[in-house]
2 protein chains.
Amino acid sequence: MSRWEPNARGRLEQAALELYGESGFESTTVAEITKRAGLTERTFFRHFADKREVLFAGAGALQEMLVSKVNDAPASLPPIEAIATALHEVADAVFEERREFARRRQAAIAANAELQERELIKLASLSSALADALRERGVADPAASLAAEAGIAVFKIAFERWTNDTGERALSQLIRESMDELKLVTGGQPLTTRR
Amino acid sequence: MSRWEPNARGRLEQAALELYGESGFESTTVAEITKRAGLTERTFFRHFADKREVLFAGAGALQEMLVSKVNDAPASLPPIEAIATALHEVADAVFEERREFARRRQAAIAANAELQERELIKLASLSSALADALRERGVADPAASLAAEAGIAVFKIAFERWTNDTGERALSQLIRESMDELKLVTGGQPLTTRR
DNA sequence: ACAGATGATGTCGGCAACTGTCATCATCGG
DNA sequence: CCGATGATGACAGTTGCCGACATCATCTGT
């Protein structure tokens, strides 16, 4: 038996997501979150750097996973394809089974500018880490940064469609479509047949 | 004669940029900024929504200018070229003469995550506005969003090089180089000859 | 089995960002 | 010359967030 209920961190995440959904991010106080989780305010800030971070706990793991998948991609793949491969694998491995959670989370984020800022800097960090991984593969700058930014742009737009669409198209498929569209738009040719 | 010194807003911007540069964003208080500007804290928050916004006062005007230049671009231009044109024109019209200011401002932003978040959401707003402008031109989604995101990525990377490089290459030139590199990276061909 | 180390949580006090509200007073249109 | 307007000041209150110290179950070594 432990002195406290287990999984304090998870209870805080759960309570925060619920409250942000019920009352909105701004009008829920940290005191309310900790009360619902049965903890104190001070403890909240020991687990999360600030009130926003509680929605982004998984970002670090996602970044590590993406980077390692880029590292594992065949050296023969051009940079944008290495990133596309990593995105597809991660989409199938971790997102497909969490669609409802992702929807609730994105709804909270979409409703508040501060949360959008935090999401954007997480994506920027992802982009920066992917660019580093590409440089490890011998890709020069600014190609590395641009391929990473382009890959994140594709992911962002595909993810947005995935959480908004009423249909059930897989994230992986939406990523493929967006990547093809980007290639068209920048004047290149897609590697797969469209529609 | 007016009751107060003129240009309160400008004095606040100036004082804030100085102090963020001298002591960093976090360790300067709004009280210090207003003291240097000869105003009160309450007045600061009448001019700027929060402590970060004082560095981003020009973002709205930049967005309007970019959108109007996309609107004015020849209808025959493909979407990515319409955006590229707008970026080049804005680079020459407003940035080239403010390089030193831009350097100081970017130094403050680079040193603080909260300011980076704000910068990122301004760029996201820019991207969203450009996507709207492309849709006005008849560009379908997701092509409009992707072209806008790609254009902003190019601008971001070119701007970063422009403020970091010790050399004096024009922003417009760096934008052209980054755009060509993006086209290469996504599998297309650049419209200009490289190097 | 016991003592001390460890680690998660609680308690308390405080700073600074931000807000609501009302007062002040120069300027301007009539 | 008067009332409206608009920018600023004064002041009190809420809340995010942090430092410092206390508590106490579990772990670790002997």
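To find a chain, count down the sequence lines: A is the first, B the second, and so on, and within it residues start at 1. Not measured: the values here are computed from a predicted model.
- The CZ-C1' distance, from A:Phe44 to C:dT11, rounds to 19 Å in whole Å.
- Around the CD atom of A:Glu136, the shell of radius 6.0 Å holds no more than 12 heavy atoms that belong to other residues, nucleotides or ligands.
- The nearest whole Å value for the distance from the CD atom in A:Glu32 to the C1' atom in D:dG16 is 13 Å.
- Ion pairing between B:Arg105 and B:Glu13 fails under the 4.0 Å rule for side-chain N and carboxylate O.
- At whole-Å resolution of the value, CG in A:Leu19 and P in D:dG16 are 12 Å apart.
- B:Glu114 places its CD atom 15 Å from the P atom of D:dG16, with the value rounded to the nearest Å.
- Taking the six-membered ring where the residue is Trp, the centroids of A:Phe56 and A:Phe48 are separated by 6.0 Å or more.
- When heavy atoms are screened at a 4.0 angstrom cut-off, A:Thr28 is found touching the sugar-phosphate backbone but no base atom.
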Checklist entry - Can you list the steps and then say if B:Glu119 with B:Gln106 is a side-chain hydrogen bond (donor to acceptor under 3.5 Å, both in side chains)? => result CA-CA 10 Å; B:Glu119 168 134 295; B:Gln106 286 308 111; 3.2 Å; yes
Next on the checklist: For nucleotides 7-15 of chain D, give me one character per nucleotide, 5' to 3': B if any protein heavy atom sits under 4.0 Å from the base, S if the only such contacts are to the sugar-phosphate, - if neither.
Outcome noted: BBBBB----
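- Taking atom CZ of residue A:Phe45 and atom C1' of nucleotide C:dG14, one finds them 14 Å apart after rounding to whole Å.
- Here the C1' atom of nucleotide C:dA17 and the OH atom of B:Tyr20 are 11 Å apart, to the nearest Å.
- The number of heavy atoms from other shown groups lying within 6.0 Å of CD (B:Glu22) is above 12.
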Item to check | Derivation and outcome, side-chain contact (heavy atoms from CB on, under 4.5 Å), residues B:Arg169 and B:Trp162 | outcome: CA-CA 7 Å; B:Arg169 279 185 296 176; B:Trp162 184 63; over 6 Å; no
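- Counting any heavy atom pair closer than 4.0 Å across all strands shown, B:Ala31 reaches no nucleic acid atom.
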